[in-house]
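Take a look at the structure below.
Atoms considered below: every heavy atom in the structure, side chains included; atoms not considered: hydrogens, waters and symmetry mates. None of the values given here were measured: they were computed from a predicted structure.
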Amino acid sequence: MARIRDRVGDVWRTVREFFQDQWFDRTRRVRTSGNVTLQTAGLAENQIGDSTMYQPARPAHIRQALRQIPGKDMSAYSYVDLGSGKGRTLFVAAELPFRQIIGVEFTEALHAQACANIRSFRRRRSGGPIASLHLNAKEFVFPDGPIVLYMFNPFGAATMAEVLGNLERSLERAPRHVIVVLLWPKCEEQVARVPGMRLRHRTERLQIFETGS
């Protein structure tokens, strides 16, 4: 009986999450739902490296993560999502008054969908511009000013090391407040080793780090 209840619960959870995702997309006039493998997105085997498939986070989980970020006034902060896919977190971030919202996506097909979504997006609150960059995260130049950096396991340890190296050098040139939001984190130990970075919030689903500046 318990096994049947568990199966029924799993089915109900799947159905509920499907309709919640569809509601998010419909009410914002975007298409962010559905997992996409890197092969389906058009990457050749030799291009994949340690990148991972597109699996959008639940909107509720993204909101819960952003509610935990330290500080209340986000108007001076740039929001950056590395491995932004079709752009779902960008549209959740648009519910806050970030100075600018930037997605960085390696695959051309997902970037193209993100751009289409940005054009059709029905914004519910005022805030800064939203952009998707077709770029390898290792080549991304972090913007000036304070940053909220969001990642949902977009790549493995090798790429993460290069990204964090770029972030470290950026902070050496211009010390500033940076908040790193990791959803279902796998590379949190690498983030913790960035000089000046400290753990601010920790659960099974979420870890938030910040610099001291």
Side-chain angles (χ1 to χ4, degrees), residues 24 28 30 32 51-107 110-111 114 117-118 121 125 127-143 145-156 159-160 162-164 166-168 170-171 176-192 194 197-211:
F24 178 88
R28 288 154 180 80
V30 296
T32 65
S51 299
T52 60
M53 68 180 290
Y54 171 71
Q55 181 178 3
R58 308 296 324 293
H61 293 170
I62 302 168
R63 287 195 192 94
Q64 289 167 7
L66 295 183
R67 288 192 195 107
Q68 295 297 328
I69 57 180
K72 299 298 182 182
D73 184 7
M74 291 290 105
S75 60
Y77 286 72
S78 297
Y79 177 89
V80 176
D81 177 9
L82 299 183
S84 51
K86 300 177 185 178
R88 174 173 289 178
T89 70
L90 309 182
F91 308 124
V92 177
E95 297 170 5
L96 296 173
F98 287 106
R99 179 169 66 90
Q100 60 180 338
I101 298 170
I102 303 170
V104 178
E105 176 51 48
F106 182 52
T107 62
L110 293 176
H111 164 69
N117 287 334
I118 291 169
F121 174 53
R125 299 183 184 180
I130 304 173
S132 176
L133 305 181
H134 181 213
L135 193 67
N136 190 315
K138 295 184 290 188
E139 301 169 357
F140 178 67
V141 177
F142 288 95
I147 300 169
V148 172
L149 174 60
Y150 171 96
M151 289 181 281
F152 177 27
N153 299 319
F155 33 69
T159 297
M160 179 66 82
E162 294 198 45
V163 167
L164 294 177
N166 292 338
L167 177 61
E168 183 177 339
S170 179
L171 288 171
R176 58 204 188 275
H177 191 211
V178 173
I179 302 166
V180 181
V181 179
L182 304 176
L183 200 61
W184 299 112
K186 295 181 179 178
C187 295
E188 66 274 17
E189 292 182 359
Q190 290 177 275
V191 176
V194 173
M197 196 72 70
R198 67 177 186 271
L199 181 65
R200 176 68 182 247
H201 178 85
R202 182 177 199 166
T203 65
E204 180 183 5
R205 179 191 299 159
L206 173 69
Q207 289 194 26
I208 296 177
F209 294 82
E210 67 173 335
T211 62

Side chain of [X], backbone of [Y]: donor and acceptor closer than 3.5 Å?
{"X": "R176", "Y": "S170", "value": "yes"}
{"X": "R88", "Y": "A57", "value": "yes"}
{"X": "D81", "Y": "L90", "value": "no"}
{"X": "N166", "Y": "E139", "value": "no"}

Between Q100 and S78, is there a side-chain donor-acceptor contact under 3.5 Å, judged purely by atom types and distance?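 Q100 and S78 do have a side-chain donor-acceptor pair below 3.5 Å.
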Please find the pair of heavy atoms, one from [X] and one from [Y], that lie closest to each other, and give the distance.
{"X": "G87", "Y": "T32", "answer": "C-CG2, 4.4 Å"}
{"X": "P143", "Y": "I102", "answer": "CG-CD1, 4.5 Å"}
{"X": "G83", "Y": "P154", "answer": "CA-CB, 3.8 Å"}
{"X": "L206", "Y": "L183", "answer": "CD1-CD1, 4.4 Å"}

Hey, does [Y] have a side-chain heavy atom less than 4.5 Å from the side chain of [X]?
{"X": "Q207", "Y": "H201", "result": "no"}
{"X": "I179", "Y": "Y77", "result": "yes"}
{"X": "C187", "Y": "L182", "result": "no"}
{"X": "M197", "Y": "L167", "result": "yes"}

Under 3.5 Å donor-acceptor pairs involving side-chain atoms of residues 63-71, not counting sequence neighbours:
unit_1: R63; atom_1: NE; unit_2: E95; atom_2: OE1; d: 3.0
unit_1: R63; atom_1: NE; unit_2: E95; atom_2: OE2; d: 3.3
unit_1: R63; atom_1: NH2; unit_2: E95; atom_2: OE2; d: 3.1
unit_1: Q64; atom_1: OE1; unit_2: R205; atom_2: NH1; d: 2.6

Between [atom1] of [X] and [atom2] of [Y], what distance do you get to the nearest 0.5 Å?
{"X": "H61", "Y": "F152", "atom1": "NE2", "atom2": "CZ", "result": "9.5 Å"}
{"X": "N136", "Y": "E105", "atom1": "CG", "atom2": "CD", "result": "10.0 Å"}
{"X": "R202", "Y": "I208", "atom1": "CZ", "atom2": "CD1", "result": "13.0 Å"}
{"X": "E188", "Y": "M151", "atom1": "CD", "atom2": "CE", "result": "11.0 Å"}
{"X": "Q190", "Y": "M160", "atom1": "CD", "atom2": "CE", "result": "6.0 Å"}
{"X": "L133", "Y": "S84", "atom1": "CG", "atom2": "OG", "result": "8.0 Å"}

Would I62 and Y150 count as a side chain to side chain contact (heavy atoms under 4.5 Å, CB included) here? Give the steps. CA-CA 9 Å; I62 302 168; Y150 171 96; 3.9 Å; yes
Does [X] have any ring-ring contact (aromatic ring centres under 6.0 Å, His included) partners at least two apart in sequence or in another chain, and if so, which?
{"X": "F98", "answer": "Y79"}
{"X": "F142", "answer": "F140"}
{"X": "H134", "answer": "H111"}

List for me each residue that meets side-chain hydrogen bond (donor to acceptor under 3.5 Å, both in side chains) alongside T203, sequence neighbours excluded, and say none if there are none.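 Result, side-chain hydrogen bond (donor to acceptor under 3.5 Å, both in side chains) vs T203: none returned.
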With sequence neighbours excluded, residues passing side-chain contact (heavy atoms from CB on, under 4.5 Å) with I118: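 Checked I118 against side-chain contact (heavy atoms from CB on, under 4.5 Å); matches are F91, I130, S132.
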